[in-house]
Q: 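This structure is in structure tokens; I'll ask about it shortly.
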Amino acid sequence: MSSAATILRRRPRRILVAGGSGFVGSHLCDALIEKGHRVICVDNLETGRIENIEHLLGHPNFSFRSHDVTLPLRIPGVLHEIYNLACPASPPKYQIDPVRTFRTSVIGAINLLNIAREKSARILQASTSEVYGDPEISPQPENYRGSVNTYGPRACYDEGKRAAETLFHDYAECHGVDTRIARIFNTYGPRMCADDGRVVSNFVVQALSGSDMTIYGTGQQTRSFCYVDDLVAGLQALMASPSECAAPVNLGNPGEFTMLELVKLVLEKTGSRSSLVYCDLPVDDPRQRRPDITRAQNWLGWSPRVSLREGLEHTIAYFATELSQGGLAHQRVS
Ligand code: NAD
Ligand code: UDP
């Protein structure tokens, strides 16, 4: 990038974060505010929580708008960037109302792309490793087209995200919108909801509360876990990248673990004596997942820095505090 462009990028910008009160979105809002930007957080609080952004509410550069992205949105004034993170991400949550999840991905993307077009703002889509479905190759590079079931309980999310990527491509081609696409692999950390249903929050809360640890299937399936701070750095690097970086970019930590390895690590780190219970494997649960991050390394100079061990320590400390303050009392772990 030229030095003039670098200076321009460093200027404070006005940025819309859709889904900004969720787990990842709230950390992104923190990072953007910290850098002196003005942030408009748009969220309908479907899976997000006001507690995640409570500390930002009085900040002069931060505003919150309660809004559903499936409805058109008007943003007065200048807007430089849009991050689209608005969509439930946990399988049990996005399967509660699959039609709604699909609408959020597709109509939400159209509404935000229309704002980007109107304002000449750069827009980044939070896509997902789920676009690879149950992958037949590992690690997964961006040019792998995936193995996704169109007709099953995960399809509302996987196909919704795939359709959104298509819309980003088409708005760039047909309307000249400046787009970026991050394919995010499993990310974890503080501010996940205790009742979120994803594996890291489930295991940590179960271990800390002495409940049974729920292993789905044999526990031999793998995932690659990225700590939230690494992801937030990657999202900002992708947003700041030149327009040649419009094609999808994997963001994730290539360390690959079975769920049995993860559960052992959580038990070790918490010192818990919880027992393992084996439950049915959810339909279409991918058997393996690991990002090829060559593109992110070459295009963005980005690599994750936080090991699973270290990230788990931060996450365990967060949930331990929540537990001790009774903050999990209203949340049920599935
Ligand atoms: P999250 O559920 O904590 O956050 C999603 C946010 O979007 C919530 O605040 C929710 O209230 C909001 N939202 C949902 N539907 C909305 C709507 N119709 N209108 C306005 N707001 C709406 O999930 P997360 O883990 O923070 O994920 C953030 C984004 O990153 C999602 O788009 C998700 O698909 C993507 N992603 C996350 C992961 C991960 O492992 N965390 C992996 C791949 C992709
Ligand atoms: N999983 C599990 N126990 C749980 C929750 C999830 O064994 O309590 C498994 C799940 O079947 C999947 C993996 O952990 O194989 C990751 O699940 P998660 O919902 O976190 O993410 P995704 O399946 O979307 O990658």
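For ligands, and for the atoms within them, numbers begin at 1 and follow the listed sequence.
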Q: How far does CZ of F62 sit from CD1 of I33, to the nearest 0.5 angstrom?
A: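 Output value for this atom pair is 6.5 Å.
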
Q: Counting heavy atoms only, which part of I215 comes closer than 4.0 Å to ligand 2: side chain, backbone, both or neither?
A: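 It is the backbone that gets close, since no side chain atom is under 4.0 Å.
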
Q: Indicate yes or no for a side-chain donor-acceptor contact from D230 to the backbone of V306 under 3.5 Å, with no hydrogens or angles considered.
A: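 Confirmed, D230 side chain pairs with V306 backbone.
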
Q: Provide the number and element of each atom of ligand 1 under 4.0 Å from a heavy atom of P88.
A: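 This gives 2 (O), 14 (C), 15 (N) as the contact atoms.
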
Q: Select one of side chain, backbone, both or neither to describe which atoms of Q206 lie under 4.0 Å from any atom of ligand 2, heavy atoms only.
A: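 Within the 4.0 Å criterion, Q206 makes no contact with ligand 2.
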
Q: Under a 4.0 angstrom heavy-atom cut-off, which atoms of ligand 1 come close to L45?
A: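 So the answer, numbered in order with elements, is 11 (O).
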
Q: Could you see which bit of D285 sits under 4.0 Å from ligand 2, with heavy atoms only: side chain, backbone, both or neither?
A: side chain

Q: With heavy atoms under 4.0 Å as the rule, classify the contact between Y157 and ligand 1 as side chain, backbone, both or neither.
A: side chain

Q: Tell me whether E165 is salt-bridged to R183, with the criterion being a basic N under 4.0 Å from an acidic carboxylate O.
A: yes

Q: Tell me whether F23 has any N or O atom under 3.5 angstrom from an N or O of ligand 1.
A: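 N/O-N/O distance under 3.5 Å: yes.
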
Q: Pick one of side chain, backbone, both or neither for how D196 approaches ligand 1, counting any non-hydrogen atom pair under 4.0 Å.
A: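 Contact part for D196 vs ligand 1: neither.
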
Q: Any N or O on V199 sitting closer than 3.5 Å to an N or O of ligand 2?
A: yes

Q: Any luck finding a side-chain donor-acceptor pair between R145 and Y132 under 3.5 Å?
A: no

Q: Could you tell me if any non-hydrogen atom of M213 lies under 4.0 Å from any atom of ligand 2?
A: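 In this structure, M213 fails to qualify as a contact of ligand 2 - no heavy atom is under 4.0 Å.
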
Q: Evaluate the side-chain proximity of Q236 to Y83: yes if any heavy-atom separation is below 4.5 Å, no if none is.
A: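 In contact.
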
Q: Please examine the side chains of R49 and C193, heavy atoms only from C-beta on, and report whether any two atoms are closer than 4.5 Å.
A: yes

Q: What do you reckon, does S129 have a nitrogen or oxygen under 3.5 Å from a nitrogen or oxygen of ligand 1?
A: no

Q: Within the 3.5 Å criterion, strictly below it, is a donor on Q288 or T222 matched to an acceptor on the partner's side chain?
A: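 Short answer, no.
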
Q: Mind checking whether S274 and Q206 have side chains closer than 4.5 Å, heavy atoms only?
A: no

Q: Quick check: does any side chain N or O of D292 sit under 3.5 Å from a backbone N or O of P139, one acting as donor and the other as acceptor?
A: no

Q: Against heavy atoms of E46, which atoms of ligand 1 measure under 4.0 Å?
A: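 Taking each heavy atom of E46 in turn, ligand 1 has 11 (O), 15 (N) under 4.0 Å.
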
Q: For ligand 1, is any non-hydrogen atom under 4.0 Å from R49's backbone (N, CA, C, O), its side chain (CB onward), both, or neither?
A: neither

Q: I'd like the name of whichever of K93, R223, M192 reaches closest to atom 16 (C) of ligand 2 through any heavy atom.
A: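 Comparing heavy atoms across K93, R223, M192, the nearest one to atom 16 (C) of ligand 2 lies in R223.
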
Q: I need the atoms of ligand 2 closer than 4.0 Å to a non-hydrogen atom of R289, numbered in the order shown.
A: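 What qualifies from ligand 2 is 22 (P), 25 (O).
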
Q: Cut-off 3.5 Å, side chains only: do R117 and H175 have a donor facing an acceptor?
A: yes

Q: Nearest protein heavy atom to atom 27 (O) of ligand 1, by residue and atom, and its distance?
A: A89 CB, 3.7 Å

Q: Mark up the atoms of ligand 2 that fall under 4.0 Å of a heavy atom belonging to P282, in ascending order.
A: 11 (O)

Q: Are Y171 and N114 close enough that a side-chain donor and a side-chain acceptor fall under 3.5 Å?
A: yes

Q: Please determine if L85 has a nitrogen or oxygen closer than 3.5 Å to a nitrogen or oxygen of ligand 1.
A: yes

Q: With a 4.0 Å heavy-atom cut-off (strictly under), which part of S127 contacts ligand 1: side chain, backbone, both or neither?
A: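 The backbone, only.
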
Q: Which residue owns the protein heavy atom closest to atom 26 (O) of ligand 1, what's the atom, and how far is it?
A: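 Going by distance alone, atom 26 (O) of ligand 1 is nearest to V24 N, 2.8 Å.
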
Q: Applying a 4.0 Å heavy-atom criterion (strictly less than), which segment of R100 is in contact with ligand 1: side chain, backbone, both, or neither?
A: side chain

Q: Which of the listed options, A164, A126, G189, holds the heavy atom that is closest to atom 35 (C) of ligand 1?
A: A126

Q: Mind checking whether R38 and I15 have side chains closer than 4.5 Å, heavy atoms only?
A: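 Sidechains of I15 and R38: no contact.
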
Q: How close does the nearest protein non-hydrogen atom get to atom 38 (C) of ligand 1, and which residue and atom is it?
A: I184 CG2, 3.8 Å

Q: Could you name the option among G48, C87, G25, A18 that has the heavy atom nearest to atom 7 (O) of ligand 1?
A: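 Selected option, by shortest heavy-atom distance: C87.
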
Q: Report the nearest protein non-hydrogen atom to atom 32 (O) of ligand 1: residue, atom name, distance rounded to 0.1 Å.
A: K161 NZ, 2.9 Å

Q: Have a look at ligand 1 and work out which part of T104, if any, has a heavy atom under 4.0 Å from it: side chain, backbone, both or neither.
A: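 Side chain only.
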
Q: Does one side chain, of T150 or E159, offer a donor that lies under 3.5 Å from an acceptor on the other?
A: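 Looking only at side-chain atoms, E159 and T150 do not form any donor-acceptor pair under 3.5 Å.
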
Q: Do the side-chain N and O atoms of N52 and H27 include a donor-acceptor pair separated by under 3.5 angstrom?
A: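 No, no side-chain donor-acceptor contact under 3.5 Å.
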
Q: Taking the minimum heavy-atom distance to atom 21 (N) of ligand 1, which of T70, N44, V228 ranks first?
A: N44

Q: Can you name the atoms of ligand 1, numbered from 1 with element, that are less than 4.0 Å from a heavy atom of S21?
A: 9 (O)

Q: Is there side-chain contact between Y94 and R154, with heavy atoms separated by less than 4.5 Å?
A: yes

Q: Considering all heavy atoms of both residues, which atom of L276 and which atom of L267 are nearest to each other, and what is their separation?
A: CD2-CD1, 4.1 Å

Q: Applying a 4.0 Å heavy-atom criterion (strictly less than), which segment of R198 is in contact with ligand 1: side chain, backbone, both, or neither?
A: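 Contact part for R198 vs ligand 1: side chain (C-beta onward).
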
Q: Examine the proximity of ligand 2 to C279 and report which part, side chain or backbone, both or neither, has a heavy atom under 4.0 Å away.
A: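 Looking at C279 and ligand 2, no heavy atom falls under 4.0 Å.
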
Q: Enumerate the atoms of ligand 2 whose separation from the nearest heavy atom of N202 is less than 4.0 angstrom.
A: 4 (C), 5 (C), 8 (O)

Q: Name the option, out of R154, R198, M259, that contains the heavy atom nearest to atom 24 (O) of ligand 2.
A: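 Looking at heavy atoms only, R154 sits closest to atom 24 (O) of ligand 2.
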
Q: Just wondering, are more than 12 heavy atoms of other shown residues or ligands nearer than 6.0 Å to CZ in R65?
A: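 Correct, the count exceeds 12.
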
Q: Mark up the atoms of ligand 2 that fall under 4.0 Å of a heavy atom belonging to E130, in ascending order.
A: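 Those of ligand 2 that fall under 4.0 Å from E130 are 24 (O).
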
Q: Can you find a side-chain donor-acceptor pair between R191 and S26 that sits under 3.5 Å?
A: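 Present: a donor and an acceptor within the cut-off.
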
Q: Under 4.0 Å from a heavy atom of H67: give me the atoms of ligand 1 that qualify, with their elements.
A: 19 (N), 20 (C)

Q: Between H80 and R122, is any pair of side-chain heavy atoms under 4.5 Å apart?
A: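 They are not in side-chain contact.
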
Q: Strictly distance-based, threshold 3.5 Å: is any side-chain N or O of S272 a donor or acceptor partner for the main-chain N or O of E268?
A: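 Not at all, since once roles are kept as given, no pair shorter than 3.5 Å links the two residues.
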
Q: Answer yes or no for K93: is there a heavy-atom contact with ligand 1 below 4.0 Å?
A: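 No, that is not the case, since the closest heavy atom of the residue is not under 4.0 Å from the ligand.
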
Q: Could you tell me which atoms of ligand 1, counted from 1 in the order shown, lie closer than 4.0 angstrom to a heavy atom of N186?
A: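 Selected atoms, number and element: 40 (O).
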
Q: I'd like to check whether T187 has a polar contact with ligand 1, where a contact means an N/O of the residue lying under 3.5 Å from an N/O of the ligand.
A: yes

Q: For ligand 2, does N186 get within less than 4.0 Å through its side chain, its backbone, both, or neither, judged by non-hydrogen atoms?
A: side chain

Q: If you measure from the Lys or Arg side-chain nitrogens to the Asp or Glu carboxylate oxygens, is any gap between K269 and E310 under 4.0 Å?
A: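 Not counted as a salt bridge, because no side-chain N and carboxylate O are separated by less than 4.0 Å.
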
Q: Within a distance under 4.0 Å of any heavy atom of P91, pick out the atoms of ligand 2 and give their elements.
A: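 Every atom of ligand 2 under 4.0 Å from some heavy atom of P91: 19 (O), 24 (O).
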
Q: Which ligand 1 atoms are under 4.0 Å away from a heavy-atom of D68?
A: 17 (C), 18 (N), 19 (N)

Q: Just by distance, do the side chain of N250 and the backbone of Q140 share a donor-acceptor pair under 3.5 Å?
A: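 Looks like yes, one N/O pair under 3.5 Å.
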
